[in-house]
Amino acid sequence: MTTDKNFAGRNGFNWFTGVVEDRMDPQYLGRVKVRCIGIHTDNKTDLPTADLPWSQCVMPVTGASISGLGHSPSFLVEGSWVFGYFRDGDSMQEPVVCGSIPGRPFELANTDKGFYDPNGVYPKYKDEVDTNRLAVNLKEDAEETNPHLSLTLRRSTRITGVATADFNPVTAADGSSIAASDGDTFDQPEIPYATLYPYNRVFESESGHIMEYDDTPDNERIHQRHKTGTSYEIHPDGTQTEIIKGDHYTLLSGKRQAEIIGNCDISIDGRHKVFINKSGTENNNYDIQIGPNANINIQVDKGNINMVTVDGNINVNSGGDYNVKVGGNFTMAVDGSEVKNVSGTTTHNTTGSTTIRGSTIDLNP
């Protein structure tokens, strides 16, 4: 039996450590060009980055690496330190990257030499570990060392003092008092970040998108953030804070149901419109039910309250008294007939004159 040894694992195993210098794979396979220590020179005139072979990247078993399934492409950048092996053995023209190697860079990129990011972008920090600052959270004398910029911005832009609706006390037409419903303010909750290494798993993209899954004991939380600041965070007690720096659209094809056990305050600085039953479905009502011992208070500080039915009636049923107090004139225009049925007495008190006109006026006919 003839044994073929001309494949990786049987023809000698040649591994390498090197630096990524190019990731713009023309075949979109997530390949990178790596300058390997001890194999390639750092002289970019003798060996330009363009002449380095493309390295295939090994993906984790959580990704299928076929038909677009899983994570793609690989997330290596120019300047990343990597290790791997040559699957073509001593020919060393078919490198395979197995993983990246974090460190503590003691210098920034030298774009004139090999083994550096030719774009001069990475590493961003000198003499600082490559682990994300949000995961490290170094402290010295109770002060954070090199806090992440996103964390600094979150703390400095925390929103406080948002006003809620305020209803003033008034006197009703019958002389009774309508109690005030005083407004107050609310604040965005404190930023709950209090990470201890090594419990916070952080992902950060090049532009600054961030995901945190923090398992710090007694301070477990989840945080996801867009570079603009739009984000959501789930606090250790289950509280969720959402911040949207732009517009917010929710397009729902099915139904939506919500239960709020506590209070609900909405403060709107622009307009607010509600369009119900846009399809004209019959008996598709807009119902508001207020439980016992609570009121509906509507106050317009300056403006009008307009109620119009284009085609339909306005029905008001009062289980108790019906009181109307008018600060100006009271005008009622009726195109049809007016019918008033009073089971008790009727009293009109007018300080001025009273005029009654009609083609026929019948008193107790």
Side-chain angles (χ1 to χ4, degrees), residues 20 23 25 28 30 32 57-82 97-105 117 119 121-125 128-139 144-159 188-251:
V20 175
R23 53 174 162 150
D25 183 1
Y28 311 113
V32 294
C57 293
V58 174
M59 302 300 286
V61 295
T62 52
S65 296
I66 189 171
S67 300
L69 301 179
H71 294 279
S72 59
S74 62
F75 191 17
L76 295 173
V77 299
E78 291 85 354
S80 292
W81 281 83
V82 296
V97 173
C98 296
S100 59
I101 306 172
R104 190 185 189 109
D117 175 7
N119 303 313
V121 177
Y122 300 102
K124 289 185 176 182
Y125 313 111
E128 181 176 332
V129 296
D130 287 323
T131 307
N132 193 286
R133 289 178 172 181
L134 289 171
V136 177
N137 192 18
L138 293 176
K139 294 181 182 295
E144 290 184 356
T145 303
N146 295 328
H148 197 285
L149 177 59
S150 70
L151 181 60
T152 302
L153 290 174
R154 291 174 64 201
R155 287 172 170 167
S156 64
T157 59
R158 177 172 165 260
I159 299 171
Q188 174 188 337
E190 295 278 357
I191 308 302
Y193 177 85
T195 286
L196 293 177
Y197 182 84
Y199 297 107
N200 192 16
R201 279 73 179 179
V202 181
F203 171 85
E204 181 172 359
S205 72
E206 292 175 79
S207 66
H209 307 317
I210 293 172
M211 288 191 298
E212 295 180 77
Y213 289 87
D214 193 348
D215 293 324
T216 297
D218 300 323
N219 201 69
E220 297 84 356
R221 63 190 179 86
I222 297 174
H223 173 229
Q224 185 166 351
R225 175 184 175 90
H226 185 270
K227 59 172 290 187
T228 60
T230 294
S231 63
Y232 80 89
E233 185 161 26
I234 301 176
H235 296 231
D237 63 354
T239 297
Q240 179 166 320
T241 300
E242 292 187 22
I243 299 175
I244 300 174
K245 293 297 186 179
D247 299 328
H248 185 192
Y249 294 86
T250 300
L251 307 175

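Residue numbers run from 1 in the order of the sequence given. Below, each value reflects all heavy atoms present in this structure, side chains not excepted, and no hydrogens, waters or symmetry copies.
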Quiz prompt | Nearest atoms (heavy-atom pairs only) where G229 meets K245 | solution = C-CG, 3.7 Å
Quiz item: With distance as the sole test, does S74 use its side chain to make a donor-acceptor pair with the main-chain N or O of G30 at under 3.5 Å?
Solution: yes
Quiz item: Any side-chain heavy-atom pair from I243 and R225 closer than 4.5 angstrom?
Solution: no
Quiz prompt | Between OG on residue S231 and CD on residue Q224, distance to nearest 0.5 Å | solution = 9.5 Å
Quiz item: Side-chain donor-acceptor pair under 3.5 Å between E242 and H248, yes or no?
Solution: no
Self-check item: Any donor-acceptor N/O pair, T157 side chain to L153 backbone, under 3.5 Å
Solution: yes
Quiz prompt | Reported OH-to-CG distance for the pair Y193 and N200, which is rounded to 0.5 angstrom | solution = 6.0 Å
Practice problem: Output yes when a side-chain donor or acceptor of H209 lies under 3.5 Å from a complementary backbone atom of K227, and no otherwise. | Solution: yes
Quiz item: So, R133 side chain and T131 main chain: donor-acceptor pair closer than 3.5 Å or not?
Solution: no
Quiz prompt | From OG1 (T195) to CZ (R221), nearest 0.5 Å | solution = 4.5 Å
Quiz item: Between N219 and A194, what is the shortest heavy-atom contact and its length?
Solution: ND2-N, 3.5 Å
Exercise. Report the distance from atom CZ of F75 to atom OG of S80, rounding to the nearest 0.5 Å.
Key: 8.5 Å
Quiz prompt | Basic-acidic side-chain contact under 4.0 Å: E190, R158 | solution = yes
Quiz prompt | Residue pair I210 / H148, side-chain heavy-atom distance below 4.5 Å | solution = yes
Self-check item: V77/D117 under side-chain contact (heavy atoms from CB on, under 4.5 Å): CA gap, chis, key distance, verdict
Solution: CA-CA 8 Å; V77 299; D117 175 7; over 6 Å; no
Quiz item: What distance separates Y232 OH from I244 CD1, expressed to the nearest 0.5 Å?
Solution: 13.0 Å
Practice problem: Compare every heavy atom of L196 with every heavy atom of T216, then report the nearest pair and how far apart it is. | Solution: OG1-N, 3.1 Å
Quiz item: Within a reach of under 6.0 Å around CG of L69, are more than 12 heavy atoms found that belong to other residues, nucleotides or ligands?
Solution: yes
Quiz item: side-chain hydrogen bond (donor to acceptor under 3.5 Å, both in side chains) with H223: which of E212, H235, E233?
Solution: E212
Quiz item: Counting N and O atoms only, with roles assigned by atom type, does the side chain of D130 sit under 3.5 Å from a partner on the main chain of G103, one being a donor and the other an acceptor?
Solution: yes
Self-check item: Flag if over 12 foreign heavy atoms under 6.0 Å of CG, D237
Solution: yes
Exercise. Please answer whether the main-chain N or O of D218 pairs with a side-chain N or O of E220 as donor and acceptor at a distance below 3.5 Å.
Key: yes
Exercise. Locate the shortest heavy-atom distance separating P105 from E128; write the atom from each residue and the value.
Key: CD-O, 3.2 Å
Quiz item: Nearest heavy-atom pair of S100 and L76: which atoms, and what distance?
Solution: CB-CD2, 3.8 Å
Quiz item: Heavy atoms, side chains only, cut-off 4.5 Å: are Q188 and T241 in contact?
Solution: yes
Quiz item: Are L134 and S150 close enough that some pair of their side-chain heavy atoms sits under 4.5 Å apart?
Solution: yes
Quiz prompt | Between OG on residue S207 and NE2 on residue H226, distance to nearest 0.5 Å | solution = 6.5 Å
